[in-house]
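Because the structure is predicted, anything quoted here is derived from the model rather than measured.
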Amino acid sequence: MVHIIFLVGFSLCQAQVCPQLIGPVNDEENVSVTTDISWEKLSGQSIYLISLGTTPGGTDIIDQKTSGTFANFTPPKGLPEKTRIYVSLRVIGTDLGGFDCEIGSFVTEDVLAPPSCTMLRDPLHNAIFVREEVNIVWNYAPFATGYRVTLGTTPGGSNIVEDYNVGNSLFYDPPSDLPVNAIIYVKIIPYNENGAAPSCSEESFTVRTVSSSLGCTRLTYPLDGAIEIPKTIELEWVPVEGASGYKVSVSISPFPIDVFYTAFVEDTNTDTIELESTHKYYVTILPYNDAGEALGCTSESFTTVVDCGPFTDDLTGEIVILNPIATLQDQISLCNNQLPNILKATDRADGYRWYKIGSNGATDLISENEVVELYEPGLYLYELYNRAVLFEKTIECTTTSEFTVFLDEGPNITKATATEISGYLKITVEVEGTGTFEYSLNNAEGPFQSSNVFEDIPLGSYTVFVRDTDGCGISERIVQENIEIEDFPKFFTPNGDGINDFWKLRERIGNKKTQAGPISIFDRYGVFLLQIEIDSQGWDGTVNGRPLPSSEYWFEVLVDNEKEFNGHFSLKR
C-alpha cells in the first residue's frame, strides 16, 4: 500500500515560513512617520501584499498593496503619529500558493513640527498642452496629515478654488474643466496639528489645445505589435522635425484613465521603465513645440514576455499564478508483498508526468497520466502542468516535486518480554522494520495502540500482535506461555535448616514438564552473578562458595526456547 498525505488548499505547513520584520524591528518605538517598511526576503520569486493597520491584522491604513517581489514598501501618505502600527503580509509564490503572516508592530514618533512643502507630480510644473479635464496630483509631504489647495489663472489668484481642504489626499479633482489656453497657478499647503508648511512656492502649468503642424512619430523599439518584449526596457521612437519635446504616456488599455506612466522628454527615448510580464501595453507619443502639439497621433502597443506568473490580472487586480500546486509527500513507502503499488495524483492540473531518476541523474518517463505504477525503491520526479493561451501564445506552466520511494518489509518482532511488578505484568515488545507500527494483545483485530509497552496486565499468557499502519503486514509473538509468576518462589532462606534453603523454578506445572533454559541470576544493580539449570538443586545463595548478603535479586529465563521471562525475589538470612 502506498501511504500518502495530501495537504488541501494553500496552507502548506512545511513551506509556511513567515519573514521577520527588520525595518523597523518588531516593537521598536519612536519610529519616523515617513519610514520605509522592510522584511526578510523569502527564497524564490514570492510576491508580497502588505497591509498596515492600528489593530493586529488590520487594514485601515493600507489594505493589501503589492510590493511585487521586493521585500520593502513605502507608505504613500506616511503613517499616523503616536500610533502602534501592525504589519501583515500575504505571501504568494509559484510553488507555495498563498499564506498570511502577521510579522510585527512598531510605534511611531510624536511629530512636533509642521510638515515640509510638496511639489506637483501631474501636471508637472511648467508643463504645457495639459488637458482641461486634468486632476491635480502632488507628492507626499513628510509629516503632513492634510493639504489645502488654491487654483487661479493669475499669480497668487484663487478664482478657481481658494484654500480648499482635501484632507489626507494626494490629488484634487477641480469642480469643472479648467479654462483652455490659460496658465493655471497652483499652491498646495500641507499641514498637521502643529501648523502649516511655511513659505511654499506656487507652481503653474498651461492648458492649451492650440495645434501645430507637427507630424506624429512611431516606435522603433519595441515595434508596434511586438511580442515577448523584456519587462525592463527603454522606449525609443523616430525623431519629428521641429519638435522641442515629446509627451510619452504608457497605459494598460487604449483609454487615458489607465495611464500609469507619463513623461515629458526632449530626446527620442525614455529612461528605463519597469513593466510586468504577460501584459499588453499601449504607448502614445505626442511631439510638441511652442506652437502646440501634434494632432491625431494614435497609440501603438506591444506585449511583454509571456510567462506563468506571478503577474497582475488587469481586470480584477488579482495576482495570477498559472503553475499548479504540488502536494505530494516527499517520502512514500511500498509494501514489498503488494507490488506493483498504484499511486494516483489528486492535485488539480491539466496534465501529469512521472519520472524515475537514475543514479546518474538521468530521468526516465514512466507515466503521462495521473496514475503511475511503482515497482521499486528509489528517487522519482512528479511533474504536473497547466496549459494557457496568452496573447495567442500557448505556454505550459509546470510544477515539479521529487519524492523518495522505499520498501517496507512489515514488522518483525525480535523480542517480547514480561516483567512482574506488584502482582501485574509489564509487557515490552521490540520490533524491526522501517514502518510505523501499532500493537495489540490477544486479538489481531485490535484495539491497537501506538506504544510498544503494555502495563498493569493481569498475570497470565499473552499473544502480542504488531501491524504496520501502512498496511504492510502483521506479526505476532506469544509471551509468558505456560508459566506464571507464582511458579517462582518469592524468597528463600539459605540458613542450613533444611527448609527453603534453595531457590529454583518448578520442574513441572500441572502435568507438563517445564521447558526452560538456564536461569540467569543478577544482583539488584544488574550485575550477572551465575546461571543454574532448571533440573538442578537450585541456588544456595553463594557465588564461588562466598555467601551473598540479604537483598533483592533478579532472574531471567528463556521458556519454550523463545519466550523471555524475568522477575525478582528476596534472599533472607
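More than 12 heavy atoms of other residues, nucleotides or ligands sit less than 6.0 Å from atom OH of Tyr221. Applying the 6.0 Å contact sphere to CG of Asp271 captures no more than 12 heavy atoms from other residues, nucleotides or ligands. For Tyr261, the OH atom counts as densely surrounded, since its 6.0 Å shell holds more than 12 non-hydrogen atoms of other residues, nucleotides or ligands. Other residues, nucleotides and ligands place no more than 12 heavy atoms under 6.0 Å from the NZ atom of Lys65. Shown here is Phe260, whose CZ atom has more than 12 heavy atoms of other residues, nucleotides or ligands within 6.0 Å. For Glu234, the CD atom is densely surrounded, since the number of other residues' heavy atoms within 6.0 Å is greater than 12. The 12-atom threshold is exceeded at CD of Glu236, counting heavy atoms of other residues, nucleotides or ligands nearer than 6.0 Å.
Atom CG in Leu286 sits 6.5 Å away from atom OG in Ser249 (nearest 0.5 Å). For the atom pair NZ of Lys247 and CD1 of Ile285, the computed distance is 13.0 Å after rounding to the nearest 0.5 Å. One distance of note links CD of Glu202 with CG of Leu120; it measures 10.5 Å at 0.5 Å rounding. Leu374 CG to Leu334 CG: the interatomic distance, rounded to the nearest 0.5 Å, is 5.5 Å. Ile85 contributes atom CD1, which lies 9.0 Å from atom OG of Ser105 (distance to the nearest 0.5 angstrom). Interatomic distance, Asn194 CG to Leu112 CG, rounded to the nearest 0.5 Å: 6.5 Å.
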Residues Asp307, Thr278; criterion side chain to side chain donor-acceptor pair (under 3.5 Å); working and verdict: CA-CA 6 Å; Asp307 62 26; Thr278 321; 3.3 Å; yes
Audit row: Tyr147, Phe171, side-chain contact (heavy atoms from CB on, under 4.5 Å) steps and yes/no: CA-CA 9 Å; Tyr147 303 85; Phe171 77 95; over 6 Å; no
Stepwise side-chain contact (heavy atoms from CB on, under 4.5 Å) test for Ile50 and Val87: CA-CA 7 Å; Ile50 186 171; Val87 185; 4.0 Å; yes
Ser301 vs Val283, side-chain contact (heavy atoms from CB on, under 4.5 Å): CA-CA, chis, key distance, verdict: CA-CA 6 Å; Ser301 64; Val283 180; over 6 Å; no
Worked verdict on Ile357 versus Glu402 for side-chain contact (heavy atoms from CB on, under 4.5 Å): CA-CA 9 Å; Ile357 302 177; Glu402 288 188 0; 3.9 Å; yes
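Between the side chain of Asp173 and the backbone N or O of Asn135 there is no donor-acceptor pair closer than 3.5 Å. Side-chain N or O atoms of Asp100 include none that pairs as donor or acceptor with a backbone N or O of Ser88 at under 3.5 Å. A donor-acceptor contact shorter than 3.5 Å links the side chain of Asp60 to the backbone of Thr54. Between the side chain of Thr217 and the backbone N or O of Val238 there is at least one donor-acceptor pair closer than 3.5 Å. Judged by distance alone, the side chain of Ser244 and the main-chain N or O of Tyr288 form a donor-acceptor pair under 3.5 Å. A donor-acceptor contact shorter than 3.5 Å links the side chain of Lys41 to the backbone of Thr69. Judged by distance alone, with hydrogens and angles left aside, the side-chain atoms of Asn26 form no donor-acceptor pair with the main-chain N or O of Gly104 at under 3.5 Å. Checked by atom type and distance alone, the side chain of Asn323 pairs as donor or acceptor with a backbone atom of Thr398 at under 3.5 Å. No donor-acceptor distance shorter than 3.5 angstrom exists from the side chain of Asp330 to the backbone of Thr404, with no hydrogens or angles considered. The backbone N or O of Glu81 lies less than 3.5 Å from a partner atom in the side chain of Thr83, making a donor-acceptor pair.
Of all heavy-atom pairs between Ala196 and Pro115, the closest is C-CD, 4.5 Å. Closest non-hydrogen pair, Ile92 versus Leu49, comes out as CD1-CD1, 4.1 Å. Taking all atoms of both residues into account, the shortest heavy-atom contact from Cys101 to Pro19 is SG-CD, 4.2 Å. Contact between Cys297 and Thr284 at its shortest, heavy atoms only, is O-CG2, 4.5 Å. Taking both residues in full, the closest heavy atoms of Pro76 and Leu170 are given as O-CD1, 3.6 Å, listed atom of the first, atom of the second, then distance. Across Ser277 and Pro310, no two heavy atoms sit closer than the pair OG-O, 4.3 Å.
A ring-centre distance under 6.0 Å is found for Trp354 and Tyr382.
Donor-acceptor pairing under 3.5 Å is recorded for the side chains of Thr74 and Asp36. Side-chain atoms of Asn159 and Thr153 form a donor-acceptor pair, as typed in the model, at a separation below 3.5 Å. Checked by atom type, the side-chain pair Glu162/Thr150 shows no donor-acceptor distance below 3.5 Å. Remark: the Tyr191 side chain and the Asn165 side chain contain an N/O donor-acceptor pair separated by less than 3.5 Å. Defined by atom type and a distance below 3.5 Å, a donor-acceptor pair is missing between the side-chain atoms of Tyr385 and Glu383.
Using a 4.5 Å heavy-atom cutoff, the side chains of Pro174 and Val161 are not in contact. The shortest side-chain heavy-atom distance between Val149 and Ile136 does not fall under the 4.5 Å cut-off. The closest side-chain heavy-atom distance from Thr118 to Tyr140 is not below 4.5 Å. Residues Trp237 and Val265 have side chains in contact (heavy-atom distance under 4.5 Å, counting atoms from C-beta outward). For the pair Ser51 and Asp63, the minimum side-chain heavy-atom distance is below 4.5 Å. The side-chain heavy atoms of Ile61 and Pro80, taken from C-beta on, include a pair separated by under 4.5 Å. Two residues are said to be in side-chain contact when any heavy atoms from C-beta on lie closer than 4.5 Å; Lys344 and Ile342 fail this criterion. Two residues are said to be in side-chain contact when any heavy atoms from C-beta on lie closer than 4.5 Å; Ile366 and Tyr375 fail this criterion.
Below 30°, between 30° and 60°, or above 60°: for Trp39 and Tyr48 the angle between ring planes is above 60°, a perpendicular geometry.
Checking Thr272, Thr304, Leu275 one by one against Thr232, the side chain to side chain contact (heavy atoms under 4.5 Å, CB included) holds for a single residue, Thr272.
A salt bridge links Asp27 with Arg84: the closest approach of a Lys/Arg side-chain nitrogen to an acidic carboxylate oxygen falls below 4.0 angstrom.
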